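Quantities reported herein were computed from a predicted structural model and do not represent experimental measurements. Below, chains carry the letters A, B, ... as their sequence lines are ordered, and counting in each starts from 1. All heavy atoms count here, side chains included; hydrogens, waters and symmetry mates do not.
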There are 2 protein chains.
Amino acid sequence: MQVMKIEDEIKQPTFRDAYQKAYINLLYTAGWLEQRQAAAFKPFGVTLPQFNILRILRGQHPKPATVNLLIERMLDKTSNASRIVDKLESKALVTRKVCPSNRRAVDIRITDAGLELLSQMDVAMAQNPTGLQHLSEEEAAQLSVLLDKIRG
Amino acid sequence: MQVMKIEDEIKQPTFRDAYQKAYINLLYTAGWLEQRQAAAFKPFGVTLPQFNILRILRGQHPKPATVNLLIERMLDKTSNASRIVDKLESKALVTRKVCPSNRRAVDIRITDAGLELLSQMDVAMAQNPTGLQHLSEEEAAQLSVLLDKIRG
DNA sequence: GGACATTAAATGTATGTACATATATTTGCA
DNA sequence: TGCAAATATATGTACATACATTTAATGTCC
């Protein structure tokens, strides 16, 4: 399907100003990207947040991670890492064990099955462009600068 | 709180390339903006999707809207307009009535209470900048161009 | 040592998203 | 007419977010 301009996507013919247009465009485009990524993940039976946690765990491997560490590294700090780990544990992609040195904490580790799944997903994702490839390297860098400014 | 660069926000010191950095930055910034907006809405007892639907209904007022029309104009097409309207109805911000000319459809209208709430929120939002004001008008326009390219 | 705060994680509840399915109404066509 | 397809909305289920509360373990300070 041909991608449409933002005006057409949400049937809003005009915007108040360039700021409003950029704002709506930003939220819309982020949702568009997330939806595409979720679709790419679906055959593998994991959701985007689950995938993100698996990647953090692979980064730590073979060291364990705690829930706290997961939250620190997640894009969305307020999401519920505990329950996402629940789902991964029920699929045997991670293990959960009380940390011996601090029994309040929980050592979470990615399993061999989890590592295997991630490596399959790496291949699939390399073949499934994000949309960013439509930008030049300079444009991508420029985009990051603008985004940093928004939050700054 | 001082806003951090994306590298610090998610404790990832380096990115593979400008594309990966822009991608993560885009998703992160959109979440950041949504969270701020949700926080601004909280005192008014409505969520962001509820607010968006109220605004569409105000745009139609005094004509009714159907669920279909709401979905057409929403940023997120796959969200469940029916249930969001449920919540608004239970707060007496909208009314729902079977459409006389097509009894499959439902006429949804914003109530006086809904209009009043929106006008209060307009004032609050005017005082609560989105973050986009950190950009110049040219930068905002440039951002839209880059975002359109991503989806194109 | 013991009361109290702090920390780490889990749980509860309301809301929303994503997607499949169900229900009711209308349309179209043999 | 009558029956299948299309349309409009609602409902069911799994998952996630947002935020408050709970539970358990550890620190701290007197």
Side-chain angles (χ1 to χ4, degrees), chain A residues 27-28 30-54 64-72 74-91 93-108, chain B residues 27-28 30-54 64-72 74-91 93-108:
Chain A
L27 298 189
Y28 183 82
W32 186 87
L33 287 170
E34 279 170 0
Q35 218 164 317
R36 282 165 59 96
Q37 190 148 54
F41 288 172
K42 219 187 163 192
F44 297 98
V46 293
T47 63
L48 200 150
Q50 289 171 13
F51 173 76
N52 285 331
I53 286 201
L54 280 180
T66 62
V67 170
N68 250 348
L69 185 142
L70 295 179
I71 292 172
E72 258 185 7
M74 283 168 72
L75 285 191
D76 193 336
K77 312 294 185 200
T78 69
S79 90
N80 205 322
S82 255
R83 273 187 280 234
I84 299 173
V85 172
D86 282 349
K87 301 292 154 58
L88 293 171
E89 193 183 19
S90 74
K91 291 180 224 176
L93 300 174
V94 310
T95 60
R96 193 149 39 174
K97 206 163 58 91
V98 169
C99 171
S101 64
N102 179 352
R103 302 197 349 193
R104 285 172 301 189
V106 173
D107 281 347
I108 302 160
Chain B
L27 297 189
Y28 182 83
W32 185 88
L33 287 170
E34 279 171 0
Q35 220 164 315
R36 282 165 59 97
Q37 192 147 53
F41 288 172
K42 217 188 163 192
F44 298 97
V46 293
T47 63
L48 201 148
Q50 288 171 14
F51 174 76
N52 285 331
I53 286 201
L54 280 181
T66 62
V67 171
N68 248 351
L69 184 142
L70 295 179
I71 292 171
E72 259 185 6
M74 284 168 71
L75 284 191
D76 192 336
K77 312 295 186 200
T78 70
S79 90
N80 206 322
S82 255
R83 274 187 278 233
I84 298 174
V85 171
D86 283 349
K87 303 292 155 59
L88 292 171
E89 193 183 19
S90 74
K91 291 180 225 177
L93 299 174
V94 310
T95 59
R96 192 149 42 173
K97 205 163 59 90
V98 170
C99 172
S101 65
N102 179 351
R103 303 196 349 187
R104 285 172 301 189
V106 173
D107 281 346
I108 303 160

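- The CG-P distance, from B:Asp86 to C:dT15, rounds to 11 Å in whole Å.
- The nearest whole Å value for the distance from the CG atom in A:Asp107 to the P atom in C:dA8 is 13 Å.
- Two residues, A:Thr47 and A:Ser101, neighbour DNA chain D, and the one matched to the more 5' nucleotide by heavy-atom proximity is A:Thr47.
- A straight line from NZ of B:Lys87 to P of D:dA10 spans 13 Å, rounded to a whole angstrom.
- Smallest separation of non-hydrogen atoms from A:Ile84 and A:Ser79: CD1-OG, 3.9 Å.
- Put simply, CG on A:Leu70 is 14 Å from P on D:dA16, counting in whole angstrom units.
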Anything under 3.5 Å between a protein N or O and an N or O of nucleotides 5-8 of chain D, put it in a table, one pair a line.
unit_1, atom_1, unit_2, atom_2, d
D:dT7, O2, B:Arg104, NH1, 3.2
D:dA8, OP2, B:Asn68, ND2, 2.9

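- In this structure, B:Glu72 places its CD atom 11 Å from P of D:dT9, rounding to the nearest Å.
- We find that CG of B:Leu48 is positioned 13 Å from C1' of D:dT17, with the value rounded to whole Å.
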Which atom pairs link the protein and nucleotides 17-20 of chain C when you take only N or O atoms and keep those under 3.5 Å?
unit_1, atom_1, unit_2, atom_2, d
C:dT17, OP2, B:Ser79, OG, 3.4
C:dA18, OP2, B:Asp76, OD1, 2.9
C:dA18, OP2, B:Asp76, OD2, 2.8
C:dA18, OP2, B:Thr78, OG1, 2.4
C:dA18, O5', B:Thr78, OG1, 3.4
C:dA18, N6, B:Arg83, NH2, 3.2

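- Counting to the nearest Å, the P atom of C:dT15 and the CD1 atom of B:Ile53 are 14 Å from each other.
- For residues 98-108 of chain B, the pairs satisfying side chain to side chain donor-acceptor pair (under 3.5 Å) are B:Asn102-B:Arg104, with sequence neighbours left out.
- Taking atom CD1 on A:Ile108 and atom C1' on C:dA10, their separation rounds to 12 Å, with Å as the unit.
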